[in-house]
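Take a look at the structure below.
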Amino acid sequence: MSTSSSIRVRFAPSPTGMFHVGGARSALFNWVMAAQSGGTLVLRIEDTDASRNSPEWTEGIIRALAWLGMDGEQYEGPYFQSANADKHVEAARTLREQGRAYYCDCTREAVIARTGDQHKGYDGFCRDRGLEAGPGRALRFRTPDEGQTTVVDLLRGKPVFENAVLEDFVIARADGSVTFLLANAVDDMSQGITHVVRGEEHLSNAPKQQLLWEALGGEPPVWAHVPVIVNEKRQKLSKRRDKVALEDYRAEGYLAEAMRNYLMLLGWAPSGDREIVPWDVIVDEFRIEDVNSSPAFFDVKKLRAINGEYIRALPEQKFIAECLPFLQEAPFDVDVAVFAELAPLAQTRVALLSEIVQMIDFAFLDEPPEDEQSWNKAMKEPAADILAAAEAAYQDAPWNAAELKDRLEAIGTERGLKLGKTQAPVRVAVTGRTVGLPLFESLEILGRERTLARIAAARAKLAASS
């Protein structure tokens, strides 16, 4: 890759109501590429399709990029493709006048009727009919009959496309509006784009766009078509089947730094056997040429593990701040001072920030949460005996985690039980669940009065069911 500061890399998403993780990865690849070269990342919103466009969706793109770390200082723009409509129409007119485009009134049904093949592309029927603009007539680009178009791709070498198999594609619809292929070429030329990093599903468009660039007197950009992202069944990620919206992952409690780190690993690997990589190291080491062209598996389990690592690495006050938005949505009031005491215990145990609510709810509810499975598992013999002994032992115990543990451990020793078995009914009585924060630190924070009241309530429930 050239390191000239004249590099201008563009990211051109369409407003679709959500920001796809694949688009997020492409945005990051573009951003890093521009940053490494001292070049410019150009953000262009492809908003010409009125049926798929709204200001809210565009704002969603801007917010998603900002969450990943790309605010207005990291890119030029945003530009809006719709603002260039006059240039698009003028380019279409120019191509027609040059004989590089012609009007066509063929319907898809007519093409199939002529070719007898529903999978065959356009057959060039209107090439020499000399049609003028009119209702139901689209403008098609006349592809060369001979020769080849070579696409320079930083990942895939130089794929060669035979011009003879490229159909005459539509560049302007019957209503005069220009299609994606021509609009992108015109915008790229007018904005001085030198490099385009995008998904491999667009590779088949590259020779067509190059032909448009050349017909309009421009030099095509350098391409990089990054691998498709697939699910665990090796199917391309689909919003109808998979969780693909970046916003959904943010809402679950994934950290931006973790998501950014993980997305960069989809097709690329840093030096050494590591997955947690500081952003400055990624920017230093990443090379678009090193991205693997094979499909990249979006491993949610790995993403979750990476997120957990990032959560554990947060300074304590930062962790508390990141949790607060989730706690504000909890169905109970949270005393921030009390939560600050619980936070160090929880930070090592959550992989998603959203998990914090269930992890600490016992401390803020009037009664422990009900979990029938946990109750049935823990409240077997000798649970009643253990609870009675714990209630008695905790009446006058110095209220600190170490002493609370020692007293319960002694209860277990007297009965030939290990601590894990002994503490299970106490944990469920007080916190409602068999799994959670360290028990004795939790009891210390909860306080003697509430702890004893919950143990007593559990004993009464057990007695009533016996």
Side-chain angles (χ1 to χ4, degrees), residues 66-67 69 249-261 276 278-279 303-371 374 390 394-395 397-409 419 423-424 426-455 457-458:
W67 182 66
Y249 287 97
R250 181 181 184 181
E252 272 193 72
Y254 285 91
L255 295 172
E257 296 82 359
M259 178 60 75
R260 195 167 62 185
N261 185 157
I276 309 298
W279 183 247
L303 170 59
R304 179 187 172 88
I306 288 175
N307 197 64
E309 292 287 339
Y310 271 88
I311 286 177
R312 289 187 283 279
L314 288 174
E316 186 176 311
Q317 291 303 313
K318 176 67 172 173
F319 173 70
I320 291 172
E322 292 282 2
C323 288
L324 288 180
F326 295 90
L327 295 175
Q328 288 167 358
E329 298 297 321
F332 51 83
D333 294 331
V334 175
D335 184 321
V336 177
V338 174
F339 173 64
E341 294 184 71
L342 293 167
L345 308 177
Q347 187 171 359
T348 60
R349 287 166 171 77
V350 296
L352 304 176
L353 293 174
S354 59
E355 293 173 349
I356 193 64
V357 175
Q358 184 170 305
M359 192 71 70
I360 56 87
D361 58 358
F362 73 93
F364 302 101
L365 294 168
D366 293 334
E367 298 177 355
E370 293 186 9
D371 184 323
S374 293
Y394 285 171
Q395 291 289 343
W399 205 257
N400 61 74
E403 181 65 25
L404 297 173
K405 177 183 177 183
D406 287 345
R407 295 212 175 189
L408 194 59
E409 199 164 27
L419 181 59
Q423 71 177 15
V426 176
R427 175 183 289 280
V428 172
V430 176
T431 72
R433 301 185 181 93
T434 54
V435 178
L437 302 184
L439 176 60
F440 303 106
E441 289 81 356
S442 297
L443 299 183
E444 180 179 340
I445 294 170
L446 192 65
R448 187 192 311 273
E449 181 180 348
R450 296 177 72 195
T451 296
L452 292 177
R454 292 185 179 192
I455 292 175

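Computation of the quantities below employed the complete heavy-atom set of this structure, encompassing side-chain atoms and omitting hydrogens, waters and symmetry-equivalent molecules.
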Close side-chain approach of [X] and [Y], heavy atoms under 4.5 Å:
X: R433; Y: D361; value: yes
X: I445; Y: L345; value: yes
X: P438; Y: R349; value: yes
X: W399; Y: L404; value: yes

**Q.** side chain to side chain contact (heavy atoms under 4.5 Å, CB included) partner of F364, chosen from L342, L327, V357
**A.**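 So the option named by the test is L342.
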Spacing of [X] atom [atom1] and [Y] atom [atom2] [to the nearest 0.5 Å]:
X: F440; Y: E409; atom1: CZ; atom2: CD; value: 7.5 Å
X: L324; Y: F319; atom1: CG; atom2: CZ; value: 10.0 Å
X: L439; Y: T431; atom1: CG; atom2: OG1; value: 7.0 Å
X: Q423; Y: K405; atom1: CD; atom2: NZ; value: 8.5 Å
X: M259; Y: N307; atom1: CE; atom2: CG; value: 7.5 Å
X: F362; Y: L437; atom1: CZ; atom2: CG; value: 5.0 Å

Any donor-acceptor pair under 3.5 Å from [X] side chain to [Y] backbone:
X: R448; Y: Q395; value: yes
X: E316; Y: Q347; value: no
X: E444; Y: A401; value: yes
X: R450; Y: A363; value: yes

If I compare all heavy atoms of [X] with all of [Y], which pair ends up nearest, and what's the gap?
X: V350; Y: M359; result: CG1-CE, 3.8 Å
X: A397; Y: E403; result: CB-CG, 4.4 Å
X: G253; Y: F326; result: CA-CZ, 3.4 Å
X: L408; Y: A390; result: CD1-CB, 4.0 Å
X: P368; Y: A429; result: CG-O, 3.5 Å
X: A351; Y: I311; result: O-CD1, 3.5 Å

Q: For D366 and F332, run side chain to side chain contact (heavy atoms under 4.5 Å, CB included): C-alpha distance rounded to whole Å, both residues' side-chain angles, the deciding distance at 0.1 Å, then the answer.
A: CA-CA 10 Å; D366 293 334; F332 51 83; over 6 Å; no
Q: Taking only Lys NZ, Arg NE, NH1 and NH2, and the carboxylate oxygens of Asp or Glu, determine whether R260 and E257 approach each other closer than 4.0 Å.
A: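 Result for this pair is no, no salt bridge flagged.
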Q. Considering residues, nucleotides and ligands other than D335, do more than 12 of their heavy atoms fall under 6.0 Å from its CG?
A.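 Yes, because the 6.0 Å sphere around CG of D335 holds more than 12 heavy atoms from other groups.
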